[in-house]
Amino acid sequence: MYKRTTKNSVRKEIYITAAVFVFIFVGMIVYLISFMRNDSKEFIYNSYNSRFSVFADDVTRGGIYTADGIEIAKTEKNNDGKEVRVYPDDRLFSHAVGYVDKGMSGLEAQYSFELLKTHITLDEQINNSLTGSKSPGDSLYTTFDYNTQKAAYEGLKMFKGAAIAIEPDTGKIVSMVSMPDYNPNTIAEKWDEINDESNNNSVLLNRATNGAYPPGSTFKIITTLAYLRATGSDDFSYNCKGNYKVDDYTIHCSSNEVHGKEDLTKAFSNSCNSAYASIGVDLDREQFIETANNLLFNQTLPTLLKSTRKSTFKLDENTKDSIVAQTAIGQGETLVSPLHMCMIVSAIANNGNLMKPYMADKIVSANGEIVSQTEPESYGVILSENEVNLLNSYMEAVVTDGTAEKVNFGDLTVYGKTGTAEYTTNKKLTHSWFVGYAEDEYGKQLAVAVIMESAGYGSKYAAPLAADIFNAYFDK
Amino acid sequence: MVNVLTTFSRITILSYIIIFTVIDLVQIFEYKLNETVASILATIQAVMIVLFLCNSSIVLYYAKEDPKILALMLFQLMFLAAFGIIINNITLPASKGVINNILLMLCFSFVFLERLNMARAIRQFIFVVVATFASILGVYILRKITKINQYMMLFALLGIISLLLVSVLGKVEYGAKLSITMGSISIQPSEFVKLSYLFFIAGCIVTWKDFRGFLIAGLGAALHVIVLVFSKDLGTASIFLATYVFLIFIAYKNYIVLTLELLLATLGGLFAYNYFPHIRTRFIAWSDPLSVIDDKGYQISQSLFAIGTGGWFGSGLTKGMPNKIPVVIKDFIFAAIAEEMGTIVAICVIVIYMCTAIMLFNVAFNCTYSFYMLVVSGFAIIFTVQTILNIGGVIKFIPSTGVTLPFISYGGSSLVSTMFGFMIAACSNDLWRVPERPRRRARY
């Protein structure tokens, strides 16, 4: 009964058990590291996290700058010696930069942690803490271009809507405006008014990233692509009689214009609803859905931004032909954000390679040293070379010989698509869309998406604003 | 001045802990190491413990301006020295590495309780001293008992009755019945039952060595677990369950039984998930704490705020806000360590616990007598599972189960039982009384 068990070989189960536990310990360590690297920000920036107030005791919140070095948010002492956040340009960057009072939003919220960290030298920090003065926090350099932002803002000011411009080869967001806006300097005082139930302007909503609009004719880019992918060629011929009947529903061309015999280039540049309705009805539904999903519908957009809205595209085997016809011309139940449309155009401009959009370029210490820099990230190639070439030729025809031919884009080569989107049963009320990109003689590009709510024809309002944005950007 | 000291100390404290941890990773092979090398490494570790305690205490003293901290530090240093001397006098400790690890964990406990709640820190220090002497006394008593395995039924009875008492008389804390309060002291009997449970299972196995041992140990274990589930103390219930499963595996070396038991445990877990609403809410709080932050997810969210905001290097002692986390001195003390000393130190703490577990398994492997081989293995399993449940719950690796972190969390019962368990492991080769034969020493 008291036999000694000394043979080690019969006790190897102890180490098997130990190995199981070591495995779990290692798993926990890996989990903790991945939490710190990937998920911790979601918790740090949560408004329930009260730890920010502790940082603010030792560090003055850093400033926010445009890419060209203009300060657009700073912390100053007011007359009582209290620190206040000041936005020198008032409303110009309201949705892009956000606000600090009343719970933070935009870049102020996303980079709050970084702005309250300091990377000045250790002896300066020691000196500051000995003298009891605060250390300056790091600054955030954004990707915005001041003049481009100003052009977009001025052009959109009278309307509701949004304008967004992206550098296609990097994904840098050069300007982003959403209307109606608010003044971040007075947000605390106006808070109750803004959030009053009777106020249905939704001024806090960033329509550029979170708006949900019917795409109207700009969606013909997606329908065209679905057609190219389904048939494997750009052969197309259609005789437009000004309308298209499906079931007991009639789709009209804009102003009931009769376009006559068209190939795909003509149908696209004329924005011929009848031709596109017929394409839609003939398309294999699954192929249509697949193309839309390849172009990021029904999924979280691949960006480095904190909050964006998923675009919706609904279609299935049972959808009625009349609804498919409407969907093909960008009506129906499809809803997009301006950011999404801009990303599609930007991928076309960048030879099919979609770069993830971002607005925070780098964090710089008060001494001017770069603390961290965002590297452009590719989401992947979403369009083939052939598709890019064909779409380019159609979008160029819109500007040279189509719905936007009267718009003055100056010396730039512009590829685009206008849209006039109905959003109620009242056909007179329409949103004005323009999506497209411009290229200058050195090959530099800019993609934009503009939507002006209830403004009317895309060619009349949105396209000229896009021209202003292009000019401001390429002028510099 | 205080800020400079705190900022500077972040780096020094980090280096002590890293040095200690790296040595620990070598010390898990201490049975294979050259004796002089092992003892030099152990000495370096001891120096790191003292530096860690002194440096942290000085930071706390300047930040809180409380002279009690310096006085406590002196007593704590005396305790560390006394502990080292006593343990080497009563026995040849089966593992020197394990002793260092216990002492470092105790120092973490001292520092963070002083930081979080001074009154509790003083109480805990007294608990530590009491627990140490009680454990030494306990070891002396165990040495006097011959044929301890024959008392297994007594251990089972004692254990189940104490658990039943809690289940009937205990007061409900955080949804579970854990403790019995008598006057100003509250006792958590389940902590002591962990040890009696081990003696019971080891006794069954050593006495019968066949199917009977397995069956009776299984029945006893099931009774323990059922009472615990009834008290809604699911953390402890899973610790007891895991201990039984792996001890049977170590004793009978049967993979089929192990697989069947693990399968059964999984089914039990699914059953519990479907029939106990409070388990489901814990799962929701675990899978998406921010969605229920106002309610069930509050604690885990606060814990993750603390860990995330502290970052890799921590906010520095007293610079964070760990008191925002509910029950931080007990179940969530790991989050406080991660916040103020940083995630790197927190990872080191996990590694130190892992090494401690391996060292305990080493001791079990080298035990002369199979009864204590089983008791020490069982203790190693309890210690490890409890650590994993606690830290895993704090970092959202698994749903939180409300168990304490051995040696660091505040709590007297847990401290006494864990300390006693370690003392048994350290003296495991001196404990088995064989009548008529001279006592054997370990093969050092």
Side-chain angles (χ1 to χ4, degrees), chain A residues 1-6 8-55 57-58 113 116-117 122-123 125-132 135, chain B residues 1-4 7 147 149 206-207 209 246 249-251 253 289-290 293 298 301-302 304-309 311-312 315 319-321 324 338-339 343 346-347 350-351 353-354 357-358 361-362 364-370 373 377 380-381 384-385 387-388 391-392 395-397 432 434 437:
Chain A
M1 185 170 287
Y2 302 112
K3 209 174 71 188
R4 289 173 50 185
T5 319
T6 45
N8 290 343
S9 62
V10 303
R11 288 181 175 174
K12 71 170 193 302
E13 284 73 17
I14 291 183
Y15 282 117
I16 294 175
T17 308
V20 170
F21 291 130
V22 167
F23 182 73
I24 302 176
F25 272 113
V26 172
M28 273 198 318
I29 293 172
V30 171
Y31 175 84
L32 183 55
I33 292 173
S34 100
F35 169 78
M36 291 303 290
R37 292 177 60 119
N38 308 321
D39 307 326
S40 63
K41 286 198 166 186
E42 190 193 337
F43 287 89
I44 295 169
Y45 304 130
N46 193 283
S47 53
Y48 281 80
N49 186 2
S50 38
R51 287 172 172 77
F52 283 130
S53 55
V54 177
F55 291 126
D57 290 345
D58 297 329
F113 196 54
L116 281 170
K117 276 195 165 177
L122 193 62
D123 47 287
Q125 277 184 57
I126 292 172
N127 200 13
N128 283 336
S129 82
L130 288 178
T131 56
S135 299
Chain B
M1 181 58 204
V2 185
N3 279 341
V4 181
T7 312
K147 294 205 254 174
N149 57 315
V206 170
T207 310
K209 294 195 169 67
F246 283 105
F249 172 64
I250 289 172
K253 311 172 198 323
L290 291 178
I293 189 166
Y298 185 77
S301 298
Q302 288 294 338
L304 295 172
F305 291 164
I307 297 170
T309 316
W312 295 106
S315 60
K319 288 284 178 181
M321 299 171 85
K324 292 261 169 199
E339 177 178 10
T343 300
I347 290 171
I350 299 179
V351 174
Y353 271 96
M354 183 181 79
I358 296 173
F361 282 112
N362 281 338
F365 191 84
N366 290 292
C367 249
T368 319
Y369 303 103
S370 49
M373 180 274 277
S377 303
I381 296 166
T384 314
V385 174
T387 305
I388 291 173
I391 298 181
I395 64 174
K396 201 174 90 74
F397 181 66
W432 187 257
V434 184
R437 290 192 207 174

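Quick caveat: nothing in here was measured; it's all calculated off a predicted structure. A note on names: the letters A, B, ... follow the listed sequences, proteins ahead of strands, and every chain is numbered from 1.
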Would you say the side chain of [Y] lies within less than 4.5 Å of the side chain of [X], judging by non-hydrogen atoms?
X        : Y       : answer
B/Leu290 : A/Phe43 : yes
B/Thr343 : A/Phe35 : no
B/Phe361 : A/Arg11 : no
B/Lys396 : A/Asp39 : no

Practice task
Mind checking the CZ-CE spacing from B/Phe397 to A/Met28? Nearest 0.5 Å is all I need.
Solution key: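 Rounded to the nearest 0.5 Å, the CZ-CE separation comes out at 6.5 Å.
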Completion exercise
Interatomic distance, CD1@B/Ile250 vs NZ@A/Lys12, rounded to 0.5 Å, equals 12.0 Å
Completion exercise
B/Gly308 and A/Ser40 have their tightest heavy-atom pair at CA-CB, 4.1 Å
Exercise for the section: Could you walk me through whether A/Tyr15 and B/Asn362 pass side-chain contact (heavy atoms from CB on, under 4.5 Å), step by step? Expected result: CA-CA 8 Å; A/Tyr15 282 117; B/Asn362 281 338; 2.4 Å; yes
Fill in the blank from the handout: Whatever's closer than 4.5 Å to a heavy atom in chain A on B/Ala306 counts as both
Exercise for the section: Against chain A, label B/Glu339 side chain, backbone, both or neither, depending on which of its atoms sit under 4.5 Å from a heavy atom there. Expected result: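 When you check distances to chain A, only side chain atoms of B/Glu339 fall under 4.5 Å.
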Problem - Partner set under ring pair (Phe, Tyr, Trp, His ring centres under 6.0 Å) for A/Phe21, not counting sequence neighbours - result: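 Ring pair (Phe, Tyr, Trp, His ring centres under 6.0 Å) list for A/Phe21, sorted by chain: B/Phe246.
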Fill in the blank from the handout: Hits for ring pair (Phe, Tyr, Trp, His ring centres under 6.0 Å) against B/Tyr298, two or more places apart or cross-chain, chain-then-number order -> none
Practice task
Against chain A, work out which of B/Thr7, B/Ile307, B/Ile358 has the most heavy-atom pairs shorter than 4.5 Å and name it.
Solution key: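 Heavy-atom pair counts peak at B/Ile307.
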Exercise for the section: Please determine, among B/Gly392, B/Ala364, B/Ala346, B/Ser377, the option with the most heavy-atom pairs under 4.5 Å with chain A. Expected result: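 Ranked by heavy-atom pairs under 4.5 Å with chain A, first place is B/Ala364.
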Problem - Greatest number of heavy atom pairs closer than 4.5 Å to chain B - which of A/Ile24, A/Val22, A/Val26, A/Thr17 - result: A/Thr17
Exercise for the section: Determine whether the aromatic ring centres of B/Tyr353 and A/Phe25 lie less than 6.0 Å apart. Expected result: no
